[in-house]
Structure formats: structure tokens, C-alpha cells
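First comes the structure, then the notes that go with it.
Basis for what follows: all heavy atoms, side chains included, without hydrogens, waters or symmetry-related copies.
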Amino acid sequence: MRREAMIRGLTLDIDSAATGHWHLGYPPDPRACRVARQHGLDASNLRARLVTREDFERFDHILALDHSHLSYLRDLQPDGSKASVSLMLDHLPGRHGDAVADPYYGSDEGFDVTWQEVEAACHHLAEKELGPVEA
């Protein structure tokens, strides 16, 4: 979504957060950083943090990558909060209900596939919320 905001010349409040404690404080996987770098983003300074109940008021959208994260987020979401909670790929035509494939235990190429899926979903979400990119 950071790349989508850059393309559109927007400053958006964008963050990434975990649903579990196992990676707290750590940077993204080096393979994910490599793919981000190939697309003009530096992810090396990011550090994992936990999703908080306050996030549901801070953000308009909270996107889960898989069904277990979606369930966790819906359980954590305070009643009446403003955030829309959905699967990332719900925003990609033809992929509603699909989880993003976790590339962690696979080959390096899996991170490229994940990037492509997430980037496409972010583009479609931005088009839906903000309209097409102005020429």
C-alpha cells in the first residue's frame, strides 16, 4: 500500500502488525526486503508489532492475509469501531475469500508471487476508495 500511495502522491497512515508474539521487534524476512527493494521500497527499518484495539479506530481498513488472522482480528475488534476488517485478497477481483499464500517455508520466488498478489489487491482497494490514478 505504501507503493500505491507513492504512485498516487498521497500521504496515508499505513502500517503492518502481527497477530502473534513470535516476531515482535524483528525486521521483515530478508527475502521480503529484497522484493520490496526491487520495487523501490526499503523495508529494512520496519519492526514487527502487535495489532492493538486502538488500530480499529486509527485505520479505515485492516487487512488479514489468511483466515486465522481474519478470525483473530474480528475477535479483537471493538464493537462500533470504524475499521473495515477483511481478507487482503477480497479486494482483488476473482479472489474473494482466498488467503495470500505464505512464502516463508517455500522458495525465494514465493515472495515475488506474494508481492504481486498483495500489490494487485492494494491497487484495487485504492481504486475503489480513491478512484483511478490521475494521469
Side-chain angles (χ1 to χ4, degrees):
M1 190 53 89
R2 285 180 180 91
R3 185 163 143 69
E4 188 67 31
M6 285 173 37
I7 290 167
R8 292 169 173 275
L10 299 173
T11 301
L12 301 175
D13 190 7
I14 301 167
D15 201 359
S16 177
T19 59
H21 292 85
W22 45 90
H23 295 295
L24 290 185
Y26 288 97
D29 186 291
R31 297 168 293 178
C33 289
R34 173 191 56 82
V35 174
R37 205 170 31 257
Q38 289 173 340
H39 292 276
L41 295 174
D42 180 8
S44 64
N45 62 338
L46 300 176
R47 296 294 178 267
R49 70 168 185 89
L50 279 178
V51 174
T52 67
R53 292 174 61 84
E54 292 76 24
D55 289 334
F56 294 91
E57 288 301 331
R58 177 179 168 197
F59 298 103
D60 294 324
H61 293 276
I62 296 182
L63 307 173
L65 298 183
D66 66 31
H67 294 277
S68 66
H69 295 148
L70 181 63
S71 178
Y72 174 87
L73 291 168
R74 285 185 172 155
D75 287 346
L76 182 63
Q77 185 174 21
D79 290 338
S81 60
K82 77 172 188 174
S84 168
V85 178
S86 60
L87 284 169
M88 171 70 73
L89 295 184
D90 284 352
H91 303 282
L92 187 57
R95 298 295 303 274
H96 191 274
D98 289 348
V100 173
D102 185 350
Y104 187 77
Y105 293 106
S107 68
D108 289 359
E109 290 76 27
F111 284 83
D112 295 304
V113 171
T114 296
W115 178 278
Q116 292 166 6
E117 289 180 341
V118 169
E119 182 176 54
C122 288
H123 174 75
H124 283 279
L125 175 58
E127 290 257 319
K128 181 176 85 174
E129 293 291 314
L130 305 169
V133 176
E134 293 183 20

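- Pairs of residues two or more places apart, or lying in two chains, that qualify as salt bridge (charged side-chain N to carboxylate O under 4.0 Å, His left out) and include a residue from residues 80-96 are D60-K82, R95-D98, R95-E117.
- For the atom pair OG (S84) and CD (Q77), the distance works out to 8.0 Å, reported to the nearest 0.5 Å.
- In this structure D42 satisfies the salt bridge (charged side-chain N to carboxylate O under 4.0 Å, His left out) test with no other residue, sequence neighbours excluded.
- L10 and M6 fall into different hydrophobic clusters, where Ile, Leu, Val, Met, Phe, Trp and Tyr residues are linked whenever their side-chain heavy atoms come under 4.5 Å apart, directly or through other members.
- Linking Ile, Leu, Val, Met, Phe, Trp and Tyr whenever their side-chain heavy atoms come within less than 4.5 Å leaves L50 and L65 in two separate clusters.
- Grouped by direct or indirect side-chain proximity (heavy atoms under 4.5 Å, Ile/Leu/Val/Met/Phe/Trp/Tyr only), Y104 sits with Y105.
- Formation of a donor-acceptor pair under 3.5 Å by the R3 side chain with backbone atoms of L41 is not found in this model.
- The list of ring pair (Phe, Tyr, Trp, His ring centres under 6.0 Å) pairs with a residue in residues 31-68, not counting sequence neighbours, reads H39-W115.
- Residues passing the salt bridge (charged side-chain N to carboxylate O under 4.0 Å, His left out) test with E109: none are found, sequence neighbours excluded.
- Looking only at side-chain heavy atoms (C-beta outward), C122 and M88 come within less than 4.5 Å of each other.
- With sequence neighbours excluded, no residue forms a side chain to side chain donor-acceptor pair (under 3.5 Å) with T114.
- Listed by first then second residue, pairs satisfying ring pair (Phe, Tyr, Trp, His ring centres under 6.0 Å) with a partner in residues 2-24 number zero, not counting sequence neighbours.
- Under the 4.5 Å side-chain heavy-atom criterion for grouping Ile, Leu, Val, Met, Phe, Trp and Tyr, V35 is not connected to M1 through any hydrophobic cluster.
- Between V100 and V118, the closest side-chain pair of non-hydrogen atoms falls below 4.5 Å.
- Minimum interatomic distance between P28 and L46 (heavy atoms only, all atoms of both residues): CD-O, 3.5 Å.
- Side-chain atoms of D75 never come within 3.5 Å of backbone atoms of Y72 as a donor-acceptor pair (strictly under, hydrogens ignored).
- Here the side chains of S44 and P27 are not in contact, with every heavy-atom distance at 4.5 Å or above.
- Scanning for salt bridge (charged side-chain N to carboxylate O under 4.0 Å, His left out) contacts around D15 gives R49, R58, with sequence neighbours left out.
- Note that CG of L76 is 8.0 Å distant from CD1 of I62, once rounded to the nearest 0.5 Å.
- E4 is linked by a side chain to side chain donor-acceptor pair (under 3.5 Å) to R8, H123, counting only residues two or more places apart in sequence or in another chain.
- Heavy-atom minimum distance, A120 versus L92: CB-CD1, 3.5 Å.
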(message) With side chain to side chain contact (heavy atoms under 4.5 Å, CB included) as the criterion, how do L63 and S86 come out once you've worked through the C-alpha distance, each side chain's angles and the decisive distance to 0.1 Å?
(response) CA-CA 5 Å; L63 307 173; S86 60; 3.4 Å; yes
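- Under the 4.5 Å side-chain heavy-atom criterion for grouping Ile, Leu, Val, Met, Phe, Trp and Tyr, I14 is connected to L125 within one hydrophobic cluster.
- Checked against side chain to side chain donor-acceptor pair (under 3.5 Å), Q38 has the following partners two or more places apart in sequence or in another chain: R34.
- Side-chain contact check for H69 versus V51: every heavy-atom pair is 4.5 Å or farther apart.
- Residues meeting the ring-ring contact (aromatic ring centres under 6.0 Å, His included) test with H96, sequence neighbours left out: none.
- Between atom CD of residue E129 and atom NE2 of residue H124 there is a gap of 14.0 Å, rounded to the nearest 0.5 Å.
- Sorted by first and then second residue, the salt bridge (charged side-chain N to carboxylate O under 4.0 Å, His left out) pairs with a member in residues 62-74 form an empty list; sequence neighbours excluded.
- Cluster membership check: L70 shares its hydrophobic cluster with L73, using side-chain heavy-atom separations under 4.5 Å among Ile, Leu, Val, Met, Phe, Trp and Tyr.
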